[in-house]
Chemist: 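Handing you this structure, nothing more for now.
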Amino acid sequence: MAKDAINTGVTGTKRVKRGMADMLKGGVIMDVVNVEQAKIAEDAGAIAVMALERVPADIRAQGGVARMSDPDMIDEIIRAVSIPVMAKARIGHFVEAQVIQSLGVDYIDESEVLTPADYINHIDKWQFTVPFVCGATNLGEALRRINEGAAMIRSKGEAGTGDVSNATGHIRTIKAEIRRLSSMTKDELYVAAKELQAPYDLVCEVAEKGALPVVLFTAGGIATPADAAMMMQLGADGVFVGSGIFKSGDPVKRANAIVQATLHFDNPDEIAKASRGLGEAMVGINVADIPVPHRLADRGW
Amino acid sequence: MSPVIGVLAIQGDVREHAHCLTQLDVDVRLVKTAEQLKGIAGLVIPGGESTTMSILAVKNNLFEPLRELRNQIPMYGSCAGLIMLAGTITDGRPDQETIGGLDITAKRNAFGRQVDSFEIDLHISAIGAPDYHAVFIRAPLVEAASSAVEVLAAIPADKSLTGTDQVVAVRQDNLMATSFHPEITPDLRIHKYFVDMVRSA
């Protein structure tokens, strides 16, 4: 995209990073592995695409170390669509993040779906102009990521399963912990911060606003229009759909249907209409059948 | 009686616009269907992703009623909303539809991708002093405008590396649009300007 109008404004601020995520609200972000899928996603009304080499279901099936995607592939997708493009870096792999930023990607996902590069530290996200989204299973984890500079949070769920139960559990946990903070007195928040292992200032901010200071999407196991609408009714600002679309029988139909159901999430008639004639859903695996060491949501802390 | 102002709720900064408007003593209605457009006195088209907004407006049969309505009530678009109200767009998808109404050519993502998003203070005489702190996110630019279009704000030539004024806020009769996002800053003057348009329409 030609950049013909540069000016002397300030870039990379907290406000433009968090604001970018604001613009995605109400939308569906779809995992895509090639240009063809990216175009299907855009045509269906996806708000952004996540460019990656293998969808989580394949990463799970094939095993091995999962890393950042090939820059050529990310470039091709950036050229192919006009909606924002996101890409994943491994947890703690700040050089992968530097590379992705240099490609002109609009958002980086520091993601547990890839094999972590650092089992102690996450990326210091304040050092980047590009904004980051990070996964979280609970409020403390979300606030630690925000403290490191994440400008958007997605509840993790369990990627690549098509089993929505963990996604439900994580968004419910985060929302419930926020409500709990809002009901506390000021002096109780010190202990709450200790228990959440999160910075006191952020805990106070959440308690006062009754919401995270950044946009909260949900992810990990969403496979049907009704799954997406349920996440929205539970209070998500939007959804990530990974394997659920391109591992299904009819990705074009399903992509459209999940977008429509997310838009009309509070209208059961519309969700019913979107749910008709979609063909096979991704087969999926129950989270309970996955041995604990292979559960992705446990990566990150 | 307070006028009812709709916020097009396909996606994007719906909540933020609604929050700004409710502070200005108007009733707000979130609009997702043609039915919900009935009876509103003004409409805000929020910031978001214009490609997505346009595709979903087509799928949900909203363009026809919106085009009809743009001749009847004031409309205000921020960022993606500016693109939706532009008569002509460049660097969009070739099939991208708009509501139109503003005789302008809007260039999508004119300042670059997300890493180029920025904040800057702007002088806007229509809302008076002090300067307005404007936030631009993957923002469009008004590349060209007919003589019927009033320029409300521009990044002045001495602050733009192109060396020319960059038009970022316009008005034409009942329609106004900004490249930037007044909904994510606490300064309500842009929304107040629009609410005044609605009240005096």
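Order of the sequence lines sets the chain letters (A, B, ...), proteins ahead of strands, with each chain counted from 1.
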Chemist: Could you tell me whether K14(A) atom NZ has more than 12 heavy atoms of other residues or ligands within 6.0 Å of it?
Modeler: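 No.
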
Chemist: Which heavy atom of A44(A) sits nearest to which heavy atom of L56(B), and what is that distance?
Modeler: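 That closest heavy-atom pairing would be O-CD2, 4.1 Å.
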
Chemist: Would you mind reporting whether K32(B) and D266(A) have side-chain heavy atoms less than 4.5 Å apart?
Modeler: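 Answer yes - side chains close enough.
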
Chemist: Between I184(B), I10(B), N60(B), who has the most heavy-atom pairs with chain A when the cutoff is under 4.5 Å?
Modeler: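 When all of I184(B), I10(B), N60(B) are compared, N60(B) has the most.
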
Chemist: Under a 3.5 Å distance rule, please check whether D106(A) uses its side chain to pair with a backbone N or O of Q114(B) as donor and acceptor.
Modeler: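 Checked: pair present.
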
Chemist: With a 4.5 Å limit on heavy-atom distance, are the side chains of V16(A) and E119(B) in contact?
Modeler: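 Yes, close enough: below the 4.5 Å cut-off.
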
Chemist: Where is the tightest heavy-atom contact between T51(B) and S82(A), given as atom of each residue plus distance?
Modeler: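 That would be OG1-OG, 2.8 Å.
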
Chemist: How about CZ on F94(A), more than 12 heavy atoms from neighbouring residues, nucleotides or ligands closer than 6.0 Å, or not?
Modeler: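 No - once you tally the heavy atoms of other residues, nucleotides and ligands closer than 6.0 Å, there are 12 at most.
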
Chemist: Do K25(A) side-chain atoms and V14(B) backbone N/O form a donor-acceptor pair below 3.5 Å?
Modeler: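 Here the side-chain-to-backbone pair does not exist.
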
Chemist: Apply the side-chain contact (heavy atoms from CB on, under 4.5 Å) test between T52(B) and each candidate in I47(A), V259(A), L24(A); give the one that qualifies.
Modeler: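 Result for side-chain contact (heavy atoms from CB on, under 4.5 Å) with T52(B): I47(A).
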
Chemist: Please look at A48(A) and chain B and tell me whether the side chain, the backbone, both or neither of the residue comes under 4.5 angstrom of a heavy atom of that chain.
Modeler: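 Answer is neither: A48(A) stays 4.5 Å or more from chain B.
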
Chemist: If you count heavy-atom pairs within less than 4.5 Å of chain B, which of V105(A), N267(A), T129(A) leads?
Modeler: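 Among V105(A), N267(A), T129(A), the one with the most close pairs to chain B is T129(A).
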
Chemist: Side chain, backbone, both or neither: which part of Q260(A) has a heavy atom under 4.5 Å from chain B?
Modeler: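 Side chain only.
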
Chemist: Let me confirm one number: the NE2-CZ distance from H133(B) to R15(A), rounded to the nearest 0.5 Å.
Modeler: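 These two atoms lie 5.0 Å from each other.
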
Chemist: Can you establish whether the number of heavy atoms outside E36(A) located under 6.0 Å from its atom CD is more than 12?
Modeler: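 Counting other residues, nucleotides and ligands, CD of E36(A) stays at 12 neighbours or fewer.
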
Chemist: Which answer fits I83(A), side chain, backbone, both or neither, if we ask what part of it has an atom under 4.5 Å from a heavy atom of chain B?
Modeler: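 Contact with chain B is through both the backbone and side chain of I83(A).
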
Chemist: Answer with side chain, backbone, both or neither: which region of V85(A) has an atom nearer than 4.5 Å to a non-hydrogen atom of chain B?
Modeler: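 When you check distances to chain B, atoms from both the backbone and side chain of V85(A) fall under 4.5 Å.
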
Chemist: Is the count of non-hydrogen atoms from other residues, nucleotides or ligands lying under 6.0 Å from E35(B) atom CD greater than 12?
Modeler: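 Atom CD in E35(B) is not packed in, count stays at 12 or less.
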
Chemist: Under a 4.5 Å heavy-atom cut-off, does chain A meet the side chain of A9(B), its backbone, both or neither?
Modeler: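 Only the backbone of A9(B) comes within 4.5 Å of chain A.
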
Chemist: Could you walk me through whether D43(A) and R93(B) pass side-chain contact (heavy atoms from CB on, under 4.5 Å), step by step?
Modeler: CA-CA 10 Å; D43(A) 288 343; R93(B) 279 164 54 112; 2.8 Å; yes

Chemist: Rounded at 0.5 Å granularity, tell me how far CZ in R18(A) sits from CD1 in I137(B).
Modeler: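 Answer for the CZ-CD1 pair, R18(A) versus I137(B), is 12.5 Å.
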
Chemist: Heavy-atom count check: over 12 atoms from other residues, nucleotides or ligands less than 6.0 Å from E208(A) CD?
Modeler: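 Counting other residues, nucleotides and ligands, CD of E208(A) stays at 12 neighbours or fewer.
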
Chemist: Given that the side chain runs from C-beta out, which part of V135(B) has a heavy atom under 4.5 Å from chain A: side chain, backbone, both or neither?
Modeler: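 Side chain only.
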
Chemist: Measuring from M23(A):CE to E183(B):CD, what's the distance to the nearest 0.5 Å?
Modeler: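 That separation rounds to 5.0 Å.
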
Chemist: Tell me whether T11(A) contacts the main-chain N or O of D116(B) through its side chain, where contact means a donor paired with an acceptor under 3.5 Å.
Modeler: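 The answer is no, because no donor-acceptor pair under 3.5 Å joins these two groups.
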
Chemist: Just checking, is any N or O donor in the side chain of H181(B) or D22(A) under 3.5 Å from an acceptor N or O on the other one?
Modeler: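 The criterion, which ignores hydrogens and geometry beyond distance, is not satisfied for D22(A) and H181(B).
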
Chemist: Hydrogens and angles aside, do K59(B) and N256(A) bring a side-chain donor and acceptor to less than 3.5 Å of each other?
Modeler: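 K59(B) vs N256(A): donor-acceptor pair found between side chains.
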
